[in-house]
Structure formats: structure tokens, C-alpha cells
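The sequence lines fix the lettering, A, B, ..., with proteins before strands; numbering per chain opens at 1.
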2 protein chains.
Amino acid sequence: MTNTKKVNSRGRPRTFDVDEAVGKAQALFHQRGYDAVSLADLTGALAINPPSFYAAFGSKADLYGRALERYAKTEGLDFDRLLAPERPLNEALAALFDAAAVAYTAHPEATGCLVIEGARGGTDAVACDKAKTLWRRSRQVVRDAIADRAADRADEITDYVMAILAGLSASARDGLGAARLRAIGRTASLAFMSDKAR
Amino acid sequence: MTNTKKVNSRGRPRTFDVDEAVGKAQALFHQRGYDAVSLADLTGALAINPPSFYAAFGSKADLYGRALERYAKTEGLDFDRLLAPERPLNEALAALFDAAAVAYTAHPEATGCLVIEGARGGTDAVACDKAKTLWRRSRQVVRDAIADRAADRADEITDYVMAILAGLSASARDGLGAARLRAIGRTASLAFMSDKAR
DNA sequence: AGGATTTTGTAGTGACCAATACAAAAAAAG
DNA sequence: CTTTTTTTGTATTGGTCACTACAAAATCCT
């Protein structure tokens, strides 16, 4: 109903841009992982003090959640496009693996998938759950797209596809470049080429 | 030359078995990951006090290194057997993936590969390096075995194999059981079945 | 101008972290 | 029995963690 963007708000104005700050936090979390980014790192990067941080974001885990959502929107794989219904399954999955290979190496010092790596958990259980939720949501989208073309083996193929994506993300973190990652993706999609994977 | 096992040593005797303690630490690290296991967790599980811990193991990271080596010896994949030279490549890789699927789900609450998950790093860089070293060593063993049968594409195939192993470990951590992991492994080995992966 | 509201900077909070100082205790060696 | 050596338990150490109490500052509304 009312304007969601804060305009003409009372009180002392913010000295930093919140959305921009979420972007910086996203980059930091992607580079080092949730645990390795301290609050001092964040407030330092944003050039603000802890009270401003907590007034704006609530907690470190909450900011992580916003960074995850921003990542999914801006850098995450576009499953709907890659797995569009008119595409044959083998072609769609090959395109998905190739897009992942490119996306996971797009930033040289922030490789891999923020969601996949975040879902693997560390010290903070609630932060890990936020990533796991997004990962499960991605899985569901993939499964739905596969079910249209191979309803009987949808779960089995989905398991395989998500494992390949996780393997690509891990390999990207290992230092493999886009070319080698794309080769992995091509090999992985061979399973669906000739014989329909029995 | 001299006896490596401490026998008839002077001084007050230890009240705990060091090798056994490494095993308990290995289990803890495997369940929760390096960062999530505190020194208090370790000393609590071993029923010893911090000074005994440091006298025996040097540091948390050093104990982690010993736990990694123990894991590689006792629970790690037997690459030499699985990739034995007389086996055809496709059969060897299928066996490797299947063995990984079983190994990574062998302990219900310590899933995945300790080395792979540890190499993905967290807060402690030196601990991460210890895991990365073992992971690279495994990669070299795999590459050598592949090079015997497909010298030209050894690097490419090795990239793929290590990515599959990482994907299997991640999927195991995701909660997938042995059966679903084995299905992933079977699909992954299809790439080498009919057409020699062009 | 004056009151209401919100963010700011300063300066901490207790909790937990890995790692130790120190002296008593327990064994072998002389 | 005394000395030497090693491990033990008690009690901390300094450092870092995520998070806040508090009051001054900066804006809008009346």
C-alpha cells in the first residue's frame, strides 16, 4: 500500500546505501565464506560502526540471508531459461552445466556457488540453514523442469544434476578455470546423449 | 633404528591412548568439520585437560593433520586397488564411484569425505592446507592411473573424476543415502561406456 | 523554535576461542 | 632415598567473537 522505499523519513539520515552494502557483504561472503567473515570485516568494508550495522541488518546471519537472496537474483543460474520446456532434456542439462561452469568462475577470487558452498555449513547453524533452504528450492525447480520430460526418473536425474553442480562448484573453488569446468560439464552431459542413460 | 614406540619411558605415564584419541578426534572432525570442533570439545571427548592435549598433539591443527592421515589410511578410498592397471578404464571408474558412494555414507552422522570437505576450508588456513595437500595427492594418484590407459586425455578425465567425487561427497552431506549416491555414480560413469566420451 | 524520531560514534558487554604458567604427582634411574 | 623426567590438574592468558548501552547529532513535523 504505502511506499516501501523510505522517502522523506524522519530522523538522522543514513550515511550509507543499504542495497550497496548488501552487495559488498555478498562479495565478502562469496570470497571467504560465512565463518571467515567477521563483523569487524563487514563494518570495516562498509565503513560503518556496529550499531549502524545492527540497526540496518539485525544480525550477521540476517545480512547473510539478504546476500544469499541477492546472489540468487543477480548471479544465480537462470533455471527457468536454461531448462525451458521446449528444450530437449539432454540439451537443457548441457546448457545448465555450461552456464554453471561459466558462473562459478566469473569472479576469480569468489569462485564456486555462494549457495552450494554456504549450504555445506560451518560453525553457524542458522546461516547454514538459510543457504540450505535456497539450495533445496533450486533443487525443486530443477526437479519440476525434469519431471516434464522424464517423469519416471525425475528424482534420479535430479540427484545427478545437483551432484554435478556441487562438483563444478567444488572444482571451481579448487582453482579450475572456466575451460576445464566446461569440459567437466560436457562429460557430465554425455550420460544423456546417446542411449538415454538406460 | 631405535624403537619408535615409547616403551619403558620415564616420567609419569599417560592416562589415555594417543592413537585412540586420534581416532576420536577424526570422528569429531568428520561429523562437524574442523571449525565447529572446539578445543573444549576435544578435551571433553578425550577426558583430558588442555596441557595434556598440547603435550601430546602440539596444536589443534596438528591433531587435525594426524586425523586426516588416519582417515586416508583407514577409511579413504583404495585407489590402487580400484584403479588397478588390469582393469578397463570405464570399469575402474565405475568401481571408484561406487566405492565412494558406499564410503561417503558409511557413517550416518559423519557423511562425505573428510579430506574433500576439509579442503573446502573455513576459518583456519593451515588446517585447510593440510586437507588440500591430501586432496592433491589423491588427484595425482588418480591421474597416474588414468594416464596409463588414456594418456592424451588424462587431465580432462581426472578433472571429471575429482569433480564427481566432490559431488558425491556433497550429496552425501546433503543427506542422500547409499542407494541414491550409487545411482549418481552409475550415471556419472555412463560417460565412459559406449562412445569413449568422444 | 521546540519536540519527535532515527542514526551516529564511543566504548564497552560477556562468551568463547586456542593456547599456557605453574606446581603437584607419578613413574624410572642412580 | 634422592634425582631426573614426564604428565597431570588447576587456573588463567590475551585475543577475538557477535552484539549493545548510551548519549550526541541530524533530520522532519508542528
Q: Tabulate protein N/O versus nucleotide N/O from nucleotides 17-20 of chain D, keeping only pairs under 3.5 Å, one per line.
A:
from   : atom 1 : to      : atom 2 : distance (Å)
D/dA18 : OP1    : A/Leu39 : N      : 3.4
D/dA18 : OP1    : A/Lys60 : NZ     : 2.8
D/dA18 : OP2    : A/Leu39 : N      : 2.7
D/dC19 : OP2    : A/Tyr54 : OH     : 3.0
D/dC19 : OP2    : A/Lys60 : N      : 3.2
D/dC19 : O5'    : A/Tyr54 : OH     : 3.2

Q: Checking B/Gln140 now: which residues fulfil side chain to side chain donor-acceptor pair (under 3.5 Å) with it, not counting sequence neighbours?
A: B/Asp144
Q: With a non-hydrogen cut-off below 4.0 angstrom, is A/Phe16 in contact with a base, only sugar-phosphate, or nothing?
A: sugar-phosphate
Q: Restricting to nitrogen or oxygen on both sides, can you table the protein-nucleotides 28-30 of chain C pairs closer than 3.5 Å?
A:
from   : atom 1 : to      : atom 2 : distance (Å)
C/dA29 : O4'    : B/Arg10 : NH1    : 2.7

Q: For A/Ser169, enumerate each residue passing the side chain to side chain donor-acceptor pair (under 3.5 Å) test, keeping only those at least two apart in sequence or located in another chain.
A: A/Glu117
Q: Output all residues satisfying side chain to side chain donor-acceptor pair (under 3.5 Å) with B/Arg173, sequence neighbours left out; order by chain, then residue number.
A: none
Q: Got a list of side-chain donor-acceptor pairs under 3.5 Å for residues 43-52 of chain A, not counting sequence neighbours?
A:
from    : atom 1 : to      : atom 2 : distance (Å)
A/Thr43 : OG1    : A/Leu39 : O      : 3.0
A/Thr43 : OG1    : A/Ala40 : O      : 3.2

Q: Rounded to whole angstrom units, what separation is found between the CD1 atom of B/Ile48 and the P atom of D/dT7?
A: 12 Å
Q: List for me each residue that meets ring pair (Phe, Tyr, Trp, His ring centres under 6.0 Å) alongside A/Phe79, sequence neighbours excluded, and say none if there are none.
A: none
Q: Go through the structure and list residues passing side chain to side chain contact (heavy atoms under 4.5 Å, CB included) with A/Ala188, not counting sequence neighbours.
A: A/Phe97, A/Tyr160, A/Ile164, B/Tyr160
Q: Verify, without hydrogens or angle tests, whether A/Tyr34 (side chain) and A/Gly121 (backbone) share a donor-acceptor contact under 3.5 angstrom.
A: no
Q: Please tell me if A/Ser52 has a side-chain N or O lying less than 4.0 Å from either OP1 or OP2 of C/dT8.
A: yes
Q: Calculate the interatomic distance between A/Arg12 atom CZ and C/dT7 atom P; express it in whole Å.
A: 11 Å
Q: Show me the pairs that pass side chain to side chain donor-acceptor pair (under 3.5 Å) and involve residues 128-137 of chain A, at least two apart or across chains.
A: A/Trp135-B/Asp174
